[in-house]
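Letters A, B, ... mirror the listed sequences (proteins, then strands); counts begin at 1.
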Amino acid sequence: MAKSPILEIKDLHAKAGDKEILRGINLTIYPGEVHAIMGPNGSGKSTLSQVIAGRDLYEATKGEIIYEGEDLLELDPEERAQKGIFLAFQYPVEIPGVSNLYFLKAALNAIRKQKGEPEVDAMEFFNLVRQKMSIMEMDESLLNRAVNTGFSGGEKKRNEIFQMAVLEPRLALLDETDSGLDIDALKVVSSGVNALRSPDRAILVITHYQRLLNHIVPDFVHVLAEGRIVKSGGKELALALEESGYAGLEEFAEIAR
Amino acid sequence: MIMETVSGLSELRKRAAEQFESQGYPTTRNEEWRFTNIAPIVKAQFPVAAPVVAGPSLKDALEADPELIEAHLGRYASTADNPFVALNTAQFEDGAFVQVPANTVLPEPIDIEFKALQGRTTHPRTLIVVGPNSQVQIIERYSGAGKYFTNAVTEIVVGENSIVEHIKLNEESREAFHVATIQARLGRNANFKQHNVTLGGALVRNDINAVLSTGSEGTVNGFYFANGKQHIDNHTAIDHAEAYAASHELYKGILDGHSTAVFNGKIYVRKDAQKTDAKQTNKNLVLSENASINTKPELQILADDVRCTHGATVGQLDQEALFYLQARGINKDEARNLLIYAFARDVIERMGVERIRQYLEKALFEVLTHKSFAESA
């Protein structure tokens, strides 16, 4: 039986203020797939992930996003998250005064509520958290600290993937999760992501660099330029890009126009 | 009037009455009252009544040992500078008295509660005298229903090497006027913490003043949450009268609806107060376009070997943080409340009485989930 897509983006246009950033994105992702979106700075990569997650800084002016058969643009950010969309932030936000543990429990319970499940049992939650923390090689003391507050860049990124591991989303969006990581952190973060690959989950990796894709090997690679996907291919596309750089892309963008 | 039998005290009250007569009620032309117009209090003219106090009564103490009271009452809070202190001193009928002898640690906090009378002015007068090497926590709470005026004065004497924590909770009605002065005198090496929490009152003015002796440490913290048309004015004055004293001040406010607030923080460092270490912070979270805050530090430093820092912030709810919480499935209202709560928690957590912390966390939660947003919407 043919699987139905998790995510379908059709001719999506979006703007921030008066500036049009996305100019007709088409992308279909099926369960079990890992897609990578690459592109130069300013091509609209991060905007795409923010629009999918529901950030109100961006306004979708045309086109649609269908998530598991539902019109995503009609939903609030929290509804999207409750239905299984997870955005690993490029710049995780510091929230003084709210403990990581409290935050994670509130997030997990919001998702469980949507599924009609009871609130997580304290012991069960603690065991789950400990297990996922050890995968991410994180110090347990981070749990009682305020969300991302005073965390190093690497700790923040690990914390994102740790949250993802606990919340087990259907669709994970990783927005430049590799940026600013050292080699060790990159390995840990990548293996954390790989551990979540599963036949009923999809992952969209957004990155500027090919390097991350050595660790998280994608099924498909798309190249974004000037708000459009100008080229799609297999994992070999990432390698080709590494060699030629993004320099030839303007040409693609011209053709796509 | 009960005090007439005590000659020294009646003299003090007579002088205070004269001082009030000559000063009159303050107007906004007075720099100290520039942002707080007390005309509605004058206009209301609620008749004076004796306050209803639950706790150790001043009146009883005065009858039992007038000399003891007379040795302290009115010797700290100045009737010359503040007309409301003069008015209280001239007209008070009761209040609370706490005395802690030397070398005494009280294991449980002392509760003082003032319940206001509708349509009346009360002048609660509190005197707290703590001897050397002692320790005590005191909670002073003000509440009531309807329209009334509370004009409170509290004098606190912290003996040498003593530790005193004082919590003031203002839970007055939303129609009430509340003016209060807390005047503390710290002995050598004393440690004094004052937490000033304002949740209620239509028109509120607090003056929190502390005079620090050599080696003492004074902490004055405050939290205010205003919405609707509430006006909350906090004036603090830390007087580093001698050397080697430290002061820490953190005032945090949340403003919603059409509320207004004032923070004025004075720090005096006298000529001989070398090695003073003073820190003052005022942070405000403004939730509504119609709310506003006037915040002003005033530092007067006459010594040359000191460290004084101050800072004030006025900000809105962090939209990035809000989205981050929402993107993890937490509903917008809940996320908003969580951020507001986190802002306030910082100052509530500094209080040393657990049941008060719990009470305030609950009270704050109730205000957040029931009242403020309906009003500001």
When the side chains of residues 167-176 of chain A are checked against the rest of the protein, which donor-acceptor pairs come out under 3.5 Å, sequence neighbours left out?
{"from": "R170(A)", "atom 1": "NE", "to": "E68(A)", "atom 2": "OE2", "distance (Å)": "2.7"}
{"from": "R170(A)", "atom 1": "NH1", "to": "D200(A)", "atom 2": "O", "distance (Å)": "2.4"}
{"from": "R170(A)", "atom 1": "NH2", "to": "E68(A)", "atom 2": "OE2", "distance (Å)": "2.2"}
{"from": "D175(A)", "atom 1": "OD1", "to": "S46(A)", "atom 2": "OG", "distance (Å)": "2.9"}
{"from": "D175(A)", "atom 1": "OD2", "to": "S46(A)", "atom 2": "OG", "distance (Å)": "3.0"}
{"from": "D175(A)", "atom 1": "OD2", "to": "S49(A)", "atom 2": "OG", "distance (Å)": "3.4"}

Pick one of side chain, backbone, both or neither for D346(B), based on which atoms fall under 4.5 Å of a heavy atom in chain A.
neither

Counting heavy-atom pairs under 4.5 Å with chain B, the top scorer among Q50(A), Q82(A), Q163(A), R55(A) is R55(A)

Checking heavy atoms, do the side chain of N148(A), its backbone, both or neither come under 4.5 Å from chain B?
side chain

F225(B) and F343(B) aromatic centres sub-6.0 Å
no

Contact part of Q114(A) toward chain B, heavy-atom cut-off under 4.5 Å: side chain, backbone, both or neither?
neither

Among G329(B), A335(B), A321(B), A344(B), which residue forms the greatest number of heavy-atom pairs with chain A at distances under 4.5 Å?
G329(B)

Sequence neighbours excluded, which residues qualify as side-chain contact (heavy atoms from CB on, under 4.5 Å) partners of A342(B)?
V98(A)

If you count heavy-atom pairs within less than 4.5 Å of chain A, which of E320(B), Q319(B), R345(B) leads?
E320(B)

Given heavy-atom pairs under 4.5 angstrom as the criterion, report whether the side chain, backbone, both or neither of Y91(A) touches chain B.
neither

For the NZ atom on K193(B), are there more than 12 heavy atoms of other groups (residues, nucleotides or ligands in this structure) within a distance under 6.0 Å?
no

Residues R328(B) and E160(A) bridged, charged N to O under 4.0 Å
yes

Does the plane of the ring in F89(A) sit parallel, tilted or perpendicular to the ring in Y324(B)? Use 30° and 60° as the thresholds.
perpendicular

